[in-house]
Amino acid sequence: MIKKLKSFVLNNFLILFTIYYCTLFLDTSSLEIDYPPIEIISKIIRYAIYILLFIRLISILPCYKEDISKAKWKEKPIFVKFIYFLIIIMMISLTINFITTKNKRMLFLMLLLMSSYKTDYRKIIKSTMNLQIILTSVLVLLSILGITQNYIVPRGKISRYSLGFVYTTNLAQMIAFSSILYLYNQGSKIKIRELFIMQLMNAFAYFITDSRTEFIMLQVVIGLTIMWKALKRIDKEKILKNAKKIYSYIFSRSFIIYPIISLIIVMCYPSGGIWNNINSALSNRLKQTYDNIEYYGIRPFGDDVELLGLGLKEKIKYGSYKSNYIDNEYIQMVFKEGYIFAICFIILINVLLIILYKRKKYKDVMLCSLYLLFGLLNPRIVNILYCPILFMIIPEVIEYCKTSEINVNGEIY
């Protein structure tokens with residue numbers, strides 16, 4: 001029985017991931033509010049999946065050991081040593097954060113990512129896309145049929161509809177990111193009629209939810225895709241390849257400065273003037289973030305701060321309250337996990353981008369860039385409901401480290 005269980009978890013990570021993903025999706029839906037037993041069942045299933053993921057992680061530890069210890073410590077390149085040192089600091093910081101704040105979100109995420117090793121991350125990305133499309137379609141249908149509620153949030157004279165989600169932005173983000181992942185998976189096979197359907201869905205999401213960031217992002221992506229197809233049709237393949245390479249090079253070298261710039265902009269908010277205009281354009285994002293920094297301060301290992309957005313669950317729990325949500329993923333991480341972990345995380349992501357560029361995986365760099373730039377305005381990078389790029393980190397870093405060590409030893413990989 002134990003051997004069969006071990007064999008199952010080793011060979012069926014995608015099944016475990018699918019079940020786990022469904023439980024997370026239910027958390028974002030109003031189904032758990034309209035039908036409370038669903039929440040209890042969902043949590044039981046999720047923790048059962050955690051146990052199975054832990055079993056899988058234990059089972060693949062020999063694979064980690066074999067792949068990591070190909071060469072002795074003295075023979076490892078400095079860059080590889082730096083990566084290992086960075087990961088050790090992250091793990092120590094995360095442990096202290098859990099002890100002091102009882103924050104478990106990154107621990108569960110680490111368990112999921114580490115247990116996914118030896119599963120092709122492209123398959124995980126494709127599964128994420130399929131689940132986003134299927135589950136979102138089902139939830140919207142249930143909301144339209146009145147089986148679950150359609151949560152409404154007023155924005156001035158406009159009403160924002162959620163169609164079954166607990167946040168009005170969830171629907172727009174599901175449509176935006178499932179479209180982007182579809183483009184990633186289809187590549188050059190994408191057809192004009194498919195782009196037209198995406199355009200209609202994007203317009204529908206904007207009309208229903210009034211979510212501007214998601215609308216603009218997908219609009220830009222669709223526009224660039226149409227331009228790319230036009231260039232390819234007139235046989236400008238070399239231009240496309242050079243453009244992807246140049247963009248990947250620039251972004252992989254410059255990403256680390258974007259979270260820093262975003263923090264500087266937030267700290268400039270009290271100066272007024274143009275910063276008030278930027279704050280207004282960004283739906284009060286600067287002020288809410290600055291007020292949190294001013295009130296709570298920032299700590300090396302995070303703090304137990306409750307960030308409240310305009311969601312259905314918060315409305316039911318607190319009634320009337322003032323939102324203090326931080327929409328910047330990197331700054332939110334500073335509050336929840338501490339600035340030591342946040343800095344290490346940003347550096348590790350930059351390491352991943354550089355590795356992807358060196359391995360000429362320009363399409364992967366471009367996909368990462370969309371999520372990472374979006375993270376400046378919405379916290380979705382560490383949420384696997386929307387973002388599967390974190391599954392790239394472990395396999396790409398280990399593969400690069402193995403290759404670097406073998407090259408240093410003068411052997412053929």
Side-chain angles (χ1 to χ4, degrees), residues 25 28 122 125-144 150 152-153 155 158-165 167-234 236-237 239-240 243-244 247 251 281-283 327 362-378 380-381 383 385-389:
F25 187 89
T28 69
R122 290 176 186 82
I125 289 174
K126 190 171 184 178
S127 294
T128 301
M129 177 199 72
N130 290 332
L131 288 166
Q132 286 175 344
I133 294 171
I134 294 169
L135 295 177
T136 300
S137 300
V138 171
L139 184 62
V140 169
L141 178 61
L142 292 176
S143 178
I144 292 172
N150 178 20
I152 303 173
V153 176
R155 178 187 274 177
I158 299 173
S159 293
R160 308 178 69 194
Y161 301 91
S162 65
L163 289 181
F165 289 97
Y167 285 95
T168 54
T169 55
N170 290 152
L171 174 60
Q173 289 171 7
M174 279 293 176
I175 290 174
F177 285 121
S178 60
S179 299
I180 288 169
L181 293 181
Y182 186 80
L183 288 169
Y184 171 84
N185 283 293
Q186 289 296 103
S188 60
K189 297 176 183 178
I190 191 74
K191 298 176 182 177
I192 291 295
R193 67 171 177 267
E194 293 172 322
L195 293 172
F196 179 70
I197 293 171
M198 286 182 193
Q199 186 77 302
L200 289 178
M201 294 300 297
N202 194 31
F204 166 76
Y206 178 68
F207 177 76
I208 294 293
T209 67
D210 192 42
S211 299
R212 291 166 289 186
T213 307
E214 295 79 5
F215 174 78
I216 294 171
M217 178 182 68
L218 186 53
Q219 196 71 23
V220 170
V221 171
I222 292 173
L224 290 174
T225 304
I226 293 172
M227 188 186 302
W228 174 76
K229 286 186 73 65
L231 286 171
K232 191 173 182 181
R233 181 167 293 181
I234 59 175
K236 297 293 182 181
E237 195 74 26
I239 294 175
L240 296 172
K244 288 193 292 184
Y247 177 84
F251 189 80
L282 296 177
S283 304
D327 287 286
Y362 307 132
K363 188 169 78 167
D364 290 351
V365 175
M366 295 175 75
L367 177 65
C368 289
S369 70
L370 292 173
Y371 280 100
L372 296 172
L373 291 174
F374 188 80
L376 296 169
L377 297 173
N378 280 280
R380 290 293 177 257
I381 299 170
N383 189 334
L385 271 175
Y386 308 91
C387 178
I389 66 169

Quiz prompt | Test item: side-chain donor near acceptor, Thr169 and Arg160, under 3.5 Å | solution = no
Taken to the nearest 0.5 Å, the spacing of Lys126 NZ from Tyr182 OH works out to 9.5 Å
What one should report as the nearest heavy-atom pair of Ile381 and Cys387 is O-SG, 3.4 Å
Rounding to 0.5 Å, atoms CG (Leu163) and CG (Leu141) come to a distance of 11.0 Å
So side-chain hydrogen bond (donor to acceptor under 3.5 Å, both in side chains) across residues 128-142, not counting sequence neighbours, yields none
For a 4.5 angstrom cut-off between non-hydrogen side-chain atoms, does Met129 reach Tyr184? no
ring-ring contact (aromatic ring centres under 6.0 Å, His included) filter on Phe25, not counting sequence neighbours, yields Phe165
In this structure, CG of Leu195 is separated from CG of Leu200 (nearest 0.5 Å) by 11.5 Å
Answer whether the closest heavy-atom distance between the side chains of Leu385 and Met174 falls below 4.5 Å. yes
In terms of heavy-atom contacts, Gly164 and Ser143 come closest through N-OG, 3.4 Å
The complete set of salt bridge (Lys or Arg N to Asp or Glu O under 4.0 Å) pairs with one or both residues in residues 192-210, sequence neighbours excluded, reads Arg155-Asp210
Answer whether the closest heavy-atom distance between the side chains of Tyr386 and Asn378 falls below 4.5 Å.
no
Are Met198 and Leu183 packed together at the side-chain level, in the sense that at least one heavy-atom pair is separated by less than 4.5 angstrom? yes
Correct closest heavy-atom pair for Thr209 and Tyr161 would be CG2-O, 3.4 Å
Applying ring-ring contact (aromatic ring centres under 6.0 Å, His included) to Tyr206 and not counting sequence neighbours gives Phe215
**Q.** Min side-chain heavy-atom separation Tyr371-Leu367 under 4.5 Å
**A.** yes
Sequence neighbours excluded, the answer for ring-ring contact (aromatic ring centres under 6.0 Å, His included) partners of Tyr167 is none
Those residues at least two apart in sequence (or on a different chain) that pass salt bridge (charged side-chain N to carboxylate O under 4.0 Å, His left out) with Arg212 are none
For a 4.5 angstrom cut-off between non-hydrogen side-chain atoms, does Glu214 reach Phe177? no
For the residue pair Ile389 and Leu372, establish whether any side-chain heavy-atom pair is separated by less than 4.5 Å. yes
Looking only at heavy atoms, the pair that brings Leu370 and Met217 closest together is O-SD, 4.3 Å
Correct closest heavy-atom pair for Asn202 and Ile175 would be N-CG2, 4.3 Å
Is there side-chain contact between Ser162 and Ile152, with heavy atoms separated by less than 4.5 Å? no
d(Ser178 OG, Leu135 CG) to nearest 0.5 Å is 11.0 Å
d(Gln173 CD, Asn170 CG) to nearest 0.5 Å is 6.0 Å
All heavy atoms of Ser179 vs all of Leu218, minimum pair found to be CB-CD1, 3.8 Å
